[in-house]
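Each remark here refers to the structure printed beneath this line.
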Amino acid sequence: MTRRLGAVSVLALAAAVILGIALPVDARASAVETGIALYRRGRLAAAETAFRQAVRVQPRSSQARHWLGVTLYAQRRYADAAVMLQSVTAMRPRDPQSWLWWGHALAQVGDSARARQALQHVLLLRPARPVAELAQMGLRSLAAPARTAPGPRAPTVLASLDPATYEQVARSFNPRLSSAEARGIAEAILGFGRQYNIDPRLIASLIAVESGFSPTARSHKGAMGLGQLMPATAASLGVQAYDPIQNIYGTVRVMRGNLDHFDWNLNLALAAYNAGKGAVVRYRGIPPYTETQLYVRSVGKLYLRMRDLYPAGGAAAGLPGPVSREGLASGRPGQGH
């Protein structure tokens with residue numbers, strides 16, 4: 001077995017050398033270990049080569065298949081990722097991580113029914129809190145409100161600019177909100193969106209995925225409130241994180257700063273919201289962190305659905321923050337902007 005793993009490692013390292021990558025990896029390391037090191041450095045194509053090699057040598061290696069699926073997801077090859085990750089769930093039926101990634105891959109290819117089942121299965125397995133939070137995040141990204149009229153409004157007022165729309169959205173994610181609470185959240189989304197020139201549908205999508213519109217939400221890392229502001233961020237902005245209006249203000253301020261910094265590339269701005277600007281700059285793209293990979297795609301997918309549900313009605317509609325579908329398709333992980 002040692003000799004076999006050594007041969008695998010030599011071939012994997014040879015592939016890395018051919019690709020022009022210098023790696024200080026132990027020569028005895030397996031192809032999977034080599035691939036993980038490459039993935040964590042944002043070298044996705046080379047990581048895929050190593051993982052595919054490992055799968056060829058050991059077809060029943062669930063670890064190699066899992067990492068190959070994750071790498072395909074990071075490269076936006078969601079259909080291929082879903083196929084690979086489904087095979088891992090069959091091999092490791094009680095592994096929440098495999099179900100988590102499979103559910104998110106299914107969500108990206110539009111298989112919402114099976115995506116919900118997979119992500120709900122994660123919760124049934126009672127995983128550690130970080131994994132459970134990522135499953136809930138995926139479920140929230142699939143829970144866009146139905147295409148219904150949010151309520152009476154003037155004929156000239158678009159649904160995308162109507163406070164009643166965002167009141168409905170907030171209460172559809174969090175039915176415990178009172179009408180007054182939901183109305184205040186809706187008016188803050190529209191008001192701060194207008195003030196900082198950010199599409200309110202994007203703000204609503206971010207809040208939905210971050211907290212499910214729960215003003216008292218707190219993550220395992222200590223992020224707080226609707227937009228899940230970290231304590232240091234809230235303090236630097238001078239906001240009370242558990243005050244819904246102040247939290248939305250802070251959320252919009254951070255997103256506007258990220259959008260400006262990354263030339264309005266939404267994927268990179270979202271990655272920075274989750275992982276910090278430094279990580280995005282260091283990897284020259286979306287960092288290869290599980291949470292960040294799943295977060296960016298979840299918010300982006302929900303935002304596109306919100307745009308379809310509540311269209312802007314053209315450039316003259318007065319809707320702030322133009323972010324194109326092409327902008328959502330850019331920002332490849334670890335591969336520049």
Side-chain angles (χ1 to χ4, degrees), residues 96-97 99-100 103-104 119-120 122-144 166-167 169-189 192 198 202-258 269-280 287 289-300 302-303:
Q97 286 279 356
W99 287 89
L100 175 72
H104 276 274
L119 294 169
Q120 287 166 352
V122 174
L123 300 178
L124 290 174
L125 292 172
R126 298 182 182 276
R129 189 176 175 191
V131 178
E133 287 177 357
L134 294 177
Q136 292 283 13
M137 180 179 75
L139 288 168
R140 289 194 290 263
S141 77
L142 294 166
Y166 300 97
E167 182 178 350
V169 169
R171 297 193 73 184
S172 70
F173 280 94
N174 183 6
R176 293 185 297 254
L177 291 171
S178 68
S179 296
E181 290 171 327
R183 187 74 177 186
I185 289 170
E187 291 175 348
I189 288 172
F192 292 129
I198 296 181
L202 172 59
I203 302 169
S205 299
L206 184 153
I207 290 172
V209 171
E210 285 282 2
S211 68
F213 279 89
S214 171
T216 59
R218 185 180 181 88
S219 77
H220 72 283
K221 293 181 179 179
M224 302 176 290
L226 291 173
Q228 291 290 274
L229 298 175
M230 293 299 290
T233 303
S236 70
L237 294 170
V239 302
Q240 297 294 323
Y242 290 119
D243 179 290
I245 309 307
Q246 293 187 43
N247 189 291
I248 294 170
Y249 167 77
T251 297
V252 173
R253 279 279 308 274
V254 172
M255 267 305 293
R256 178 57 199 249
N258 291 344
L270 288 171
Y273 192 92
N274 180 263
K277 292 177 184 176
V280 177
Y289 308 152
T290 293
E291 180 179 338
T292 307
Q293 288 285 328
L294 300 181
Y295 172 80
V296 170
R297 307 309 177 196
S298 295
V299 176
L302 180 54
Y303 176 43

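Listed here is the closest heavy atom pair of Q293 and P287: NE2-O, 3.1 Å. In terms of heavy-atom proximity, M137 sits nearest to H104 at CE-CE1, 4.1 Å. Among all heavy-atom pairs drawn from F173 and A143, the shortest one is CZ-O, 3.4 Å. The minimum heavy-atom distance linking A132 with P127 is given by the pair N-CG, 3.9 Å. The two residues A208 and L302 have their closest heavy-atom pair at CB-CD2, 3.7 Å. Pairing each heavy atom of N258 with each of Y273, the nearest pair is ND2-N, 3.3 Å.
The distance from atom CG of N247 to atom OG1 of T251, rounded to the nearest 0.5 Å, is 4.5 Å. Expressed to the nearest 0.5 Å, how far CE of M255 lies from CG of L202 amounts to 5.0 Å. Taking CG from L119 and CG from L134, the interatomic distance works out to 10.0 Å, rounded to the nearest 0.5 Å. Going from atom CD1 of I198 over to atom CZ of R253 covers 10.5 Å, rounded to the nearest 0.5 Å. Interatomic distance, T292 OG1 to L270 CG, rounded to the nearest 0.5 Å: 10.5 Å. Within the model, atoms CG of L125 and CH2 of W99 stand 8.0 Å from one another, a figure rounded to the nearest 0.5 Å.
R140 and S298 form no side-chain donor-acceptor contact under 3.5 Å, judged by distance and modelled atom types alone. Judged by distance alone, the side chains of Y295 and E210 do bring a donor and an acceptor atom under 3.5 Å apart. For R183 and Y166, the side-chain atoms include no donor-acceptor pair closer than 3.5 Å.
Between V299 and the options L294, I207, V209, a side chain to side chain contact (heavy atoms under 4.5 Å, CB included) holds for only V209.
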Practice prompt. Could you give me the CA-CA distance, side-chain angles and deciding distance for R171 and S179, then say whether side chain to side chain donor-acceptor pair (under 3.5 Å) is met?
Written response: CA-CA 8 Å; R171 297 193 73 184; S179 296; 3.0 Å; yes
Item to complete: Test side chain to side chain donor-acceptor pair (under 3.5 Å) on S214 and N174 and set out the steps.
Response: CA-CA 7 Å; S214 171; N174 183 6; 4.8 Å; no
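Heavy atoms from other residues, nucleotides or ligands lying under 6.0 Å from CZ of R129 number more than 12. Other residues, nucleotides and ligands contribute only 12 or fewer heavy atoms inside 6.0 Å of the CD atom of Q240.
Between E133 and S219 the shortest side-chain heavy-atom distance falls below 4.5 Å.
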